[in-house]
Amino acid sequence: MTRGHDGGARTPPAKHRALLAAVVAAILALSAAIYVGAASDDGTGERATAGDGRARHNPAAPASTGTWVGTWATSPVGGEPGTETTGVAGRSVRNVVHTSVGGTSARVTLSNLYGQSPLTVTHASIALSAGPGTAAALPGTVRPLTFTGAPTVVVPAGGQVVSDAVRLAVPADGDVLVTTYSPVESGPVTYHPHARQVSYVADGEHTRDTTGAPYTGRSTVWRYLTALDVLSSEADGTVVVLGDSLTDGVTSTTGADNRWPDVLSDRLREALAAGRDLPRYGVVNEGISGNRILADGLGRPAENPSGLNRFGRDVLGRPHVRVVVVALGVNDILRHPGTADPDRIVAGMNALVAQAHAHGLKVVGATLMPFGGHRGHTDAREAVRQRINAEIRAGRVFDAVVDFDRALRDPYDPRRLRSDYDSGDHLHPSDKGYTRMAEVFDLDDLKGGAPARL
């Protein structure tokens with residue numbers, strides 16, 4: 001038996017246990033299958049895997065001490081439209097990502113999950129950004145990336161690869177440039193469509209360029225890159241936020257790093273600097289627009305896989321995870337053709353918790369925010385949302401609860417977002433709303449681990 005946020009029992013009620021058992025049985029095999037090809041990480045920096053899943057000694061592992069933690073991550077969502085044949089052959093792709101914690105060394109994960117042919121990367125680099133809104137690198141910070149000692153790596157279709165570690169003083173709350181070049185056709189490109197960050201593209205091989213001048217192309221997606229880890233002495237674990245578009249930051253200001261997990265990371269760092277007794281964690285954002293707990297998208301492998309099916313890849317695949325924040329469920333209601341079953345959704349939440357607890361992870365869960373006024377809102381769907389929130393608040397689902405619904409709803413019409421927290425579509429928050437989500441997160445809920453099994 002586990003304990004709820006209010007100290008009460010968190011054992012699922014009888015009506016959910018049968019559903020939970022069935023869901024857990026179904027997803028464990030699927031999660032294991034999806035996890036094939038994910039990086040094998042023991043926290044030492046001495047193991048990296050290519051898409052075949054075989055661990056290999058990493059000759060470039062630094063001698064620095066510290067803990068490998070996630071400072072940034074994103075979930076691969078699907079194949080980028082328009083890249084089905086050639087991919088980005090002959091072009092350098094410079095992804096811009098924002099860190100949560102700093103470290104003395106870095107490594108990256110490149111994914112070809114949705115590729116239908118091998119991806120050949122002949123040149124890759126990492127560097128610190130020279131500043132916001134530019135493809136230029138800070139002079140003296142460009143480092144070539146290697147893969148088991150070689151500058152070239154071939155990532156099989158459906159696979160991923162982790163680079164060797166390189167020495168680089170990565171700052172907290174800073175921008176990092178990760179650049180790749182592939183000379184041969186491969187497609188489609190595995191990407192994350194809603195980056196809310198401008199990245200860059202150049203014709204030709206310019207992975208070690210510092211000026212940014214060749215990078216005349218701009219994009220608002222992340223290509224191939226799915227994780228940046230750092231060897232850190234200022235952090236000893238990772239928080240993974242598993243969510244949908246509300247976590248992905250859709251409607252937040254591009255380039256402002258105002259997704260709510262970004263603001264949560266800022267709050268944690270500031271609280272630690274002020275002397276609060278809190279865990280030292282990196283925060284990574286595994287939000288996917290439209291994501292559901294129970295149902296996958298189309299395709300094989302499935303685009304936009306369910307929270308249950310991607311748990312192994314997006315949570316267990318991150319280094320030294322200590323806490324999982326689950327902010328899913330709204331799309332299970334909105335995208336159901338009829339009236340969604342609240343019992344099935346709660347059972348899915350319990351199945352996520354079961355997976356986390358099986359690996360010793362604590363789970364903080366979020367209530368579902370209102371969407372009154374949105375085109376998908378109906379009285380029946382509102383009733384489902386209210387029933388799910390009642391279960392969450394009663395402590396029968398998660399180890400701790402962050403009540404986004406209460407924090408962002410209109411006090412005069414609780415079925416709607418408060419107007420200044422509403423981006424205007426009555427579903428996604430404004431920048432002020434995203435900030436409010438992070439502000440109501442109790443940082444003390446990051447303490448401790450999974451409840452003991454009795």
Could you tell me which residues satisfy salt bridge (Lys or Arg N to Asp or Glu O under 4.0 Å) with [X], sequence neighbours excluded, listed by chain and number?
| X | value |
| --- | --- |
| Arg436 | Glu439 |
| Asp444 | Arg276, Lys447 |
| Arg406 | Asp403 |
| Arg416 | Asp413 |

Is [X] reaching over with its side chain to a backbone N or O of [Y], donor-acceptor style, under 3.5 angstrom?
| X | Y | result |
| --- | --- | --- |
| Arg280 | Ser233 | yes |
| Ser289 | Ser245 | no |
| Asp296 | Ser306 | yes |
| Thr71 | Ser100 | yes |
| Thr378 | Arg381 | yes |
| Thr435 | Val263 | no |
| Thr190 | Tyr114 | yes |
| Asn112 | Val155 | yes |
| Asn389 | Thr367 | no |
| Glu234 | Gly102 | yes |

Side chain to side chain donor-acceptor pair (under 3.5 Å) filter on Asp277, not counting sequence neighbours, yields none
Residues two or more places apart in sequence or in another chain: which of them pass side chain to side chain donor-acceptor pair (under 3.5 Å) with Tyr200? none
Roughly how far apart are [X] [atom1] and [Y] [atom2], rounded to 0.5 Å?
| X | Y | atom1 | atom2 | result |
| --- | --- | --- | --- | --- |
| Ile288 | Thr247 | CD1 | OG1 | 11.0 Å |
| Arg107 | Leu168 | CZ | CG | 14.5 Å |
| Asp244 | His428 | CG | NE2 | 7.0 Å |
| Phe147 | Leu145 | CZ | CG | 5.5 Å |

Between Val402 and Asp442, does a side chain to side chain contact (heavy atoms under 4.5 Å, CB included) hold up when you go through it step by step? CA-CA 7 Å; Val402 54; Asp442 188 347; over 6 Å; no
So, are [X] and [Y] salt-bridged, with charged N and O less than 4.0 Å apart?
| X | Y | value |
| --- | --- | --- |
| Asp410 | Arg415 | no |
| Lys362 | Asp399 | no |
| Asp425 | Arg375 | no |
| Arg223 | Glu80 | yes |
| Glu270 | Arg267 | no |
| Glu286 | Arg318 | yes |
| Arg387 | Asp343 | yes |
| Arg292 | Asp332 | no |

Restricting to pairs with a member in residues 246-280, which pass ring pair (Phe, Tyr, Trp, His ring centres under 6.0 Å), not counting sequence neighbours? Trp260-Phe404
Show me the pairs that pass ring pair (Phe, Tyr, Trp, His ring centres under 6.0 Å) and involve residues 366-385, at least two apart or across chains. Phe371-His377
Modelled atom types, side-chain donor and acceptor of Asn291 and Arg310, under 3.5 Å: yes
With sequence neighbours left out, what residues match [X] under ring-ring contact (aromatic ring centres under 6.0 Å, His included)?
| X | result |
| --- | --- |
| Tyr281 | none |
| Trp222 | Trp72, His192 |
| His98 | none |
| Tyr434 | none |

Working for side chain to side chain contact (heavy atoms under 4.5 Å, CB included), residues Thr109 and Val161: CA-CA 6 Å; Thr109 301; Val161 66; over 6 Å; no
Would Ser252 and Asp431 count as a side-chain hydrogen bond (donor to acceptor under 3.5 Å, both in side chains) if you check the C-alpha gap in whole Å, the side-chain angles of each, and the deciding distance to 0.1 Å? CA-CA 5 Å; Ser252 67; Asp431 280 344; 4.8 Å; no
Taking all heavy atoms of Pro76 and all of Asp314, pick out the closest pair and write down the distance. CD-OD1, 4.3 Å
Run the side-chain hydrogen bond (donor to acceptor under 3.5 Å, both in side chains) test on Ser75 and Arg313 for me, step by step, so that the C-alpha distance in whole Å, both residues' side-chain angles and the decisive distance to 0.1 Å come before the verdict. CA-CA 9 Å; Ser75 181; Arg313 181 192 73 198; 2.8 Å; yes
Side chain to side chain, [X] and [Y], heavy atoms closer than 4.5 Å:
| X | Y | answer |
| --- | --- | --- |
| Val96 | Val198 | no |
| Pro342 | Arg385 | no |
| Val108 | Leu225 | yes |
| Ile333 | Ile388 | yes |
| Val363 | Leu352 | no |
| Pro451 | His357 | yes |

Do Asp257 and Arg259 pass the salt bridge (Lys or Arg N to Asp or Glu O under 4.0 Å) test, and can you show the C-alpha distance, the side-chain angles, and the key distance before you say yes or no? CA-CA 6 Å; Asp257 302 308; Arg259 313 161 195 86; 3.5 Å; yes
Might you work through the salt bridge (Lys or Arg N to Asp or Glu O under 4.0 Å) test for Arg269 and Asp173, ending with a clear yes or no? CA-CA 9 Å; Arg269 183 173 55 255; Asp173 194 28; 3.4 Å; yes
When you look at Val176 and Val178, which way does the side chain to side chain contact (heavy atoms under 4.5 Å, CB included) test go after all the steps? CA-CA 7 Å; Val176 172; Val178 178; 4.2 Å; yes
When you look at Val323 and Val364, which way does the side chain to side chain contact (heavy atoms under 4.5 Å, CB included) test go after all the steps? CA-CA 7 Å; Val323 179; Val364 180; 4.1 Å; yes
